[in-house]
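Here is the structure we will look at.
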Amino acid sequence: MKSLIDIMELSTAEIDELIKTALDIIDNPAKYSEKCKGKKLASLFFEPSTRTRLSFEAAMYELGGNVIGFSEANSSSAAKGESVADTARTVSCYADIIAMRHPKEGAPYVASLKASIPVINAGDGGHNHPTQTLADLLTIRKEKGRFTDLTIGLCGDLKFGRTVHSLIGAMSRYTGIRFVLISPEELKVPEYIKSEILDPKGIEYKESTSLEEAMPELDILYMTRVQRERFFNEADYIRLKDTYILTTEKLSNAKSDLCIMHPLPRVNEISVGVDDDPRACYFKQVLYGKYMRMALILKLLEEAAK
Ligand code: NCD
């Protein structure tokens with residue numbers, strides 16, 4: 001049963017295929033409105049979510065399917081001590097596909113081993129978030145027209161920010177990609193991202209603490225929220241949370257075709273004044289996420305039917 005746990009499980013050809021489907025859905029929504037008739041998505045969210053959960057649910061409805069599920073761990077039998085594996089086996093009896101978000105790294109993977117239906121990782125702890133990356137990739141394709149020869153600045157919480165980890169993996173497969181990793185010392189990208197992805201693929205990257213210094217060379221600026229829920233200590237969060245705040249002034253020496261992205265939710269790291277800048281792409285990114293999730297649900301259900 002093919003699941004999607006890590007973005008690297010999709011080849012670049014499969015990503016192109018998903019983008020093609022998403023673009024076709026945008027142009028011809030009626031063609032897709034009954035594709036998942038009679039199918040059910042189980043939306044199992046053990047952690048808070050607005051965009052990911054609602055876009056998965058909207059995606060399934062727009063494909064003519066239905067949705068069951070829960071939006072907090074406390075309303076499921078997890079609160080009684082049920083394992084993720086048993087939840088996955090149970091839900092396989094009711095639904096055709098699962099989207100699961102969980103605070104523990106690896107939980108959707110464990111679910112995929114026990115489920116008899118495809119499992120989509122909708123974010124596992126500070127680890128991965130492959131469907132956010134699909135949204136990010138369609139945004140990059142639409143805004144920049146290419147996946148090659150781009151200098152990408154990733155700014156904020158690069159340690160716990162799972163969207164960053166998946167995006168680095170996905171983009172490291174294209175040529176001419178450079179990363180500028182902008183974070184406080186304490187929130188640098190984990191070593192495994194360097195030793196397992198950046199170094200073996202010979203990707204050019206530099207680490208910096210200064211957003212201002214990096215700004216002029218960036219084609220894409222990917223801002224992230226400091227992940228409060230992953231900190232052991234609230235005082236550290238308070239000290240680090242406002243390290244980077246993107247304002248219109250800070251964009252004064254940015255490229256005129258810079259693409260500003262953010263997986264959202266935003267807390268303080270992009271001032272609302274930036275929202276009116278034509279380079280702000282983060283709300284388009286939200287919409288693209290729904291279309292990519294539609295394309296992904298279609299692909300996994302088709303493969304499951306084979
Ligand atoms: C992200 C996540 O959940 O990792 N949100 C999202 O899915 N769009 C980013 C975040 O929570 O900061």
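Note that the coordinates shown come from a computational prediction; the quantities given were computed from them, not determined experimentally.
Defined by atom type and a distance below 3.5 Å, a donor-acceptor pair is missing between the side-chain atoms of Gln132 and Thr163. A donor-acceptor pair shorter than 3.5 Å can be found between the side chains of Tyr32 and Asp24. Side-chain contact of Asn128 with Asp124: a donor-acceptor pair under 3.5 Å is absent, judged by distance alone.
The number of heavy atoms from other shown groups lying within 6.0 Å of NZ (Lys142) does not exceed 12. In Glu185, the CD atom is not crowded: 12 or fewer heavy atoms of neighbouring residues, nucleotides or ligands sit closer than 6.0 Å. The local environment of NZ in Lys40 is sparse, with at most 12 non-hydrogen atoms from other residues, nucleotides or ligands closer than 6.0 Å. In the displayed structure, Lys31 atom NZ is contacted under 6.0 Å by more than 12 heavy atoms of other residues, nucleotides or ligands. More than 12 non-hydrogen atoms from other residues, nucleotides or ligands lie less than 6.0 angstrom from CZ of Arg146.
Tyr244 and Ile260 fall within the same hydrophobic cluster, defined by Ile, Leu, Val, Met, Phe, Trp and Tyr side-chain heavy atoms under 4.5 Å apart, directly or through other members. Hydrophobic clustering, with ILVMFWY side chains joined whenever heavy atoms are under 4.5 angstrom apart, groups Leu154 together with Met8. Both Phe147 and Tyr222 sit in one connected hydrophobic cluster of ILVMFWY residues. Membership requires side-chain heavy atoms under 4.5 Å apart, directly or through other members. With hydrophobic clusters built from ILVMFWY side chains whose heavy atoms lie under 4.5 angstrom apart, Leu23 shares a cluster with Leu10. Under the 4.5 Å side-chain contact rule for hydrophobic residues, Val286 and Met292 do not share a cluster.
Annotation for Gly156 and Ser183: closest pair O-CB, 3.2 Å, computed over non-hydrogen atoms. Between His102 and Ala107, the shortest heavy-atom distance links the atoms CG-CB, 3.4 Å. Smallest separation of non-hydrogen atoms from Ala135 and Tyr288: O-CB, 4.1 Å. Residues Ile140 and Leu150 approach most closely at CG2-CD1, 3.9 Å, considering heavy atoms. In terms of heavy atoms, Ser92 sits closest to Ser116 at OG-N, 3.0 Å. Between Gly153 and Ile182, the shortest heavy-atom distance links the atoms CA-CD1, 4.4 Å.
For the pair Lys241/Phe231, no side-chain contact is recorded, criterion being any heavy-atom separation below 4.5 Å from C-beta on. When side chains are defined from C-beta on, Ser71 counts as touching Arg53, because their heavy atoms get closer than 4.5 Å. Proximity of Ile25 to Glu62: side-chain heavy atoms (C-beta onward) are nowhere separated by under 4.5 Å. Put simply, the side chain of Asp16 does not reach to within 4.5 Å of the side chain of Lys20, judged on heavy atoms. Considering only heavy atoms from C-beta on, Met171 comes within 4.5 Å of Leu137 through its side chain. At a threshold of 4.5 Å between non-hydrogen side-chain atoms, the residues Val226 and Phe160 do not count as touching. Using a 4.5 Å heavy-atom threshold, the side chains of Val67 and Phe56 count as separate. Contact annotation: the side chain of Asp6 never approaches that of Pro130 to less than 4.5 Å [non-hydrogen atoms, C-beta and beyond].
When Val84, Thr87, Ile68 are each tested for a side-chain contact (heavy atoms from CB on, under 4.5 Å) with Leu44, only one passes: Thr87. With Arg279 as reference, Asp277 is the one residue of Asp276, Asp275, Asp277 to meet the salt bridge (Lys or Arg N to Asp or Glu O under 4.0 Å) rule. Lys299 pairs in a salt bridge (Lys or Arg N to Asp or Glu O under 4.0 Å) with only one of the listed residues (Glu14, Glu9, Glu17), which is Glu14.
Ring geometry, His165 versus Tyr192: the interplanar angle exceeds 60°, so the pair is classed perpendicular (tilted spans 30 to 60°).
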Dump the intermediate steps for salt bridge (charged side-chain N to carboxylate O under 4.0 Å, His left out) on Glu217 and Lys206, then the final yes or no.
CA-CA 12 Å; Glu217 59 179 319; Lys206 65 179 171 194; 2.8 Å; yes
Report the C-alpha separation of Met261 and Thr139 in whole Å, then their side-chain angles, then the decisive distance to 0.1 Å, and conclude whether the side-chain contact (heavy atoms from CB on, under 4.5 Å) test is met.
CA-CA 8 Å; Met261 299 173 65; Thr139 308; 3.9 Å; yes
Assess the residue pair Lys255 and Asp219 against the criterion (salt bridge (charged side-chain N to carboxylate O under 4.0 Å, His left out)); give the C-alpha distance rounded to whole Å, side-chain angles, the decisive distance to 0.1 Å, and a yes or no.
CA-CA 7 Å; Lys255 288 190 179 174; Asp219 298 303; 2.9 Å; yes
Determine, stepwise, if the pair Arg266 / Glu269 fulfils salt bridge (charged side-chain N to carboxylate O under 4.0 Å, His left out).
CA-CA 6 Å; Arg266 146 178 67 186; Glu269 56 282 353; over 6 Å; no
List the steps and the verdict of side-chain contact (heavy atoms from CB on, under 4.5 Å) for Ile168 and Val189.
CA-CA 10 Å; Ile168 290 177; Val189 116; 3.8 Å; yes
side-chain contact (heavy atoms from CB on, under 4.5 Å) between Leu264 and Arg51: does it pass, once the steps are laid out?
CA-CA 8 Å; Leu264 303 180; Arg51 274 149 293 270; 3.5 Å; yes
Kindly determine whether Arg293 and Ser55 satisfy side chain to side chain donor-acceptor pair (under 3.5 Å), including the steps that lead there.
CA-CA 7 Å; Arg293 290 184 175 106; Ser55 70; 2.7 Å; yes
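A cation-pi arrangement is absent between Arg101 and Phe45 under the rule of less than 6.0 angstrom and at most 45 degrees off the ring axis. Tyr205 does not carry Arg178 over the face of its six-membered ring by the limits of under 6.0 Å from the centre and within 45° of the normal.
Looking at Arg230 and Glu47, a side-chain N of the basic residue comes within less than 4.0 Å of a carboxylate O on the acidic one, giving a salt bridge. Here Glu302 does not pair with Lys306 in a salt bridge; the nearest charged N to carboxylate O distance is not below 4.0 Å. Salt-bridge annotation for Asp86 and Lys114: absent, with no side-chain N of the basic residue lying under 4.0 Å from a carboxylate O of the acidic one. The existence of a salt bridge linking Glu207 and Lys194 is confirmed by a sub-4.0 Å separation between a basic side-chain nitrogen and an acidic carboxylate oxygen.
Taking OG1 of Thr151 as the reference point, atom CG of Leu221 lies at 12.0 Å (rounded to 0.5 Å). Taking SG of Cys281 as the start and CD of Glu143 as the end, the distance is 3.5 Å to the nearest 0.5 Å. We find the CD-CG distance between Glu191 and Asp199 to be 8.5 Å, quoted to the nearest 0.5 Å. Remark: Glu57 CD to Leu41 CG distance equals 7.0 Å, nearest 0.5 Å. The structure places OH of Tyr237 at 7.5 Å from CG of Asp242, a figure rounded to the nearest 0.5 Å. Annotation: the span from Tyr174 atom OH to Lys201 atom NZ amounts to 11.0 Å, rounded to 0.5 Å.
Panel note: side chain Gln227, backbone Arg225; a donor-acceptor pair is recorded below 3.5 Å.
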